[in-house]
Number of protein chains: 2
Amino acid sequence: MTETAGGRDAEAVSKFVESFAAQLVEAGMQRMPARVFAALLSSDEGALTSVELGERLRISPAAVSGAVRYLTMTHMIAREREPGSRRERYRVHGDQWYEALTNREAVIKRWETALREGVASLGPDTPAGRRMAETLAFFEFVDEEIVKMMERWRGRRDQLFGEGRSLAEDR
Amino acid sequence: MTETAGGRDAEAVSKFVESFAAQLVEAGMQRMPARVFAALLSSDEGALTSVELGERLRISPAAVSGAVRYLTMTHMIAREREPGSRRERYRVHGDQWYEALTNREAVIKRWETALREGVASLGPDTPAGRRMAETLAFFEFVDEEIVKMMERWRGRRDQLFGEGRSLAEDR
DNA sequence: CCGTAACTTCACAATTTTCTGAAAGAAGCG
DNA sequence: CGCTTCTTTCAGAAAATTGTGAAGTTACGG
C-alpha cells in the first residue's frame, strides 16, 4: 500500500487544495496565489516545480509565474534552484509562512501611520481625534503582543512536535 | 473658536478618510464599506445617517445601503433607529470594532475546518499530513491567545484612558 | 389608513481584474 | 558558442466586480 506514491488519492487532495484556497481567497488573497500556495502546502515535499504546479492546477506557466512572484514578495514561499537543472522549485516556508500571515507587520505599520495622520487632522482634543488615538494605541499594543505570542508558539511547537526537525526539515 | 462645528477643516478630514479607507482596501475590505467605515470613524459623534454618508462620500443611497449591510454583518458597526424619525444612524462599535477586525473568529474557524479535512484527506502519517497538523495546531493556539490578548488590552485601555467612559460613551 | 420619507433590491453599464497565448529573455549543457 | 529548456513579460479577451438609477418595500406620522 504505497500511500505516499505519486497518485495518492489525487481526487481528495485536489478537493482539499481548492477548498483551502477558497478560504484564503475569502480572507483577501488573490485566487492564483491562493491555489498555488495550497498546492504546495499539500505536497509531501513541501515543494513543487513550475511545471508540476501548472499540471496540478491546470493553469498556464504565466499564471504560475505571477502567483509565485506574489508569494515570494510576501514571504509565504521561497524559491530554490534545483542544482544541475534550469528548473525552479517553490517551497513553503515551513514554519514561517503563518508567521508572515499573522504578522502583517507592514500592514499594521501603515495603519498606524494613517491613524497618526488622522489624529493630527482631526485634532487630538476632538472626540473623533480621541477615538483615533485609542485605536492607534490598540494597534501598537497588538504589535507588541504578537511578537511575544510568536515566541510562546515556538515554545509550544517544540513541545508538541519535538525540537529536532519539525517542519524545518530542510533549508 | 468652534472647532468641532460642522465645517472643521473638511478638506483634511476627507483626505484622512480616503487614505485610511485605502489601507482597509489593501487589507482586503471592499471599497465602499471601507470608505463608509472610515467616514464614521472620523466623525465626532461616531455615527452618521445614510444621507450624511452619501453627501460626504459622494455616493448613491444604494451604495450606502450595500456598504452598511456588509459592515453590520461583520459587526464593525451597529445600526440605530433615530427615535421619532424614519432615519437610521450607523455607529462605529466604539471599542468593539477592532476586536472584530482582529478576531475574525469565523475566518479562523473555517481555516481550522479546512485543515482538519486536509489532514484526513492526506493521511496523518504523510509528510504533508503532518504539516497540516502543525499548521492546525498553530491556529488553535492563536485562537486561545487572542482571547487572552484582548483581555489584557481591556486592562491596558482602562489604564491609559480611564475606566469611566473611554470610547463607550454611548449605548 | 393614507401619504410620504427613508431605505433596499434589482438589472444593467462601466470599470477593473484575471488569465491566457505568444514572444522575448535567461542559463545550463553539449 | 549555439541549442534547448525553463521562466518571464506583455497585450488583449473573457469574466467578475462595482456603483448607479429606478422601481419596490417598509413603516412613521398625521
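Just so we're on the same page: letters track the sequence lines, and every chain starts at 1.
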Those residues that, when tested against A:Glu140, pass side-chain hydrogen bond (donor to acceptor under 3.5 Å, both in side chains) (two or more places apart): A:Arg116
Aromatic ring pairing B:Trp153/A:Phe138, orientation class (parallel under 30°, perpendicular over 60°, tilted between): perpendicular
B:Met73 CE to C:dT8 C1', straight-line distance once rounded to whole Å: 15 Å
Distance in angstrom units between A:Met32 CE and C:dT17 P, rounded: 17 Å
Residue B:Ile59, side-chain heavy atoms: nucleotide from C:dT9, D:dT20, D:dT9 that is nearest: D:dT20
Steps toward salt bridge (charged side-chain N to carboxylate O under 4.0 Å, His left out) verdict (A:Arg130, A:Asp125): CA-CA 6 Å; A:Arg130 277 193 290 277; A:Asp125 302 323; 5.3 Å; no
Euclidean distance, atom CZ of residue B:Arg35 to atom C1' of D:dT20 [Å, nearest integer]: 14 Å
Pairs meeting criterion salt bridge (Lys or Arg N to Asp or Glu O under 4.0 Å) with involvement of residues 31-43 of chain B, two or more places apart: B:Glu18-B:Arg35
Nucleotide C:dC19, atom P - distance to CG of A:Leu53 in whole Å: 14 Å
Touch class at under 4.0 angstrom, heavy-atom based, for B:Gly84 against every strand present: sugar-phosphate
Residues forming a side-chain contact (heavy atoms from CB on, under 4.5 Å) with B:Glu55, sequence neighbours excluded: B:Val51
Residues which pass ring pair (Phe, Tyr, Trp, His ring centres under 6.0 Å) with A:Phe16, listed by chain and number, not counting sequence neighbours: A:Phe20
Spacing between B:Leu57 atom CG and D:dT20 atom P, to the nearest angstrom: 10 Å
Value in whole Å for how far the P atom of C:dC7 lies from CG of B:Leu71: 15 Å
Residues that A:Arg152 engages under side-chain hydrogen bond (donor to acceptor under 3.5 Å, both in side chains), provided they are two or more places apart: B:Glu145
Tabulate atom names and distances for all N/O pairs under 3.5 angstrom spanning the protein and nucleotides 5-7 of chain D.
from: D:dT5; atom 1: O4'; to: A:Arg86; atom 2: NH1; distance (Å): 3.4
from: D:dC6; atom 1: OP1; to: A:Arg87; atom 2: NH2; distance (Å): 3.2
from: D:dC6; atom 1: O3'; to: A:Arg86; atom 2: O; distance (Å): 3.3
from: D:dT7; atom 1: OP1; to: A:Ser50; atom 2: OG; distance (Å): 3.3
from: D:dT7; atom 1: OP1; to: A:Glu88; atom 2: N; distance (Å): 2.9
from: D:dT7; atom 1: OP2; to: A:Ser50; atom 2: OG; distance (Å): 3.4

Spacing between B:Arg81 atom CZ and D:dC28 atom C1', to the nearest angstrom: 9 Å
Length of the CE-P vector between A:Met29 and C:dT18, whole Å: 13 Å
Selected nucleotide, minimal atom distance to B:Gln30 side chain, candidates C:dT9, D:dT20, D:dT18: D:dT18
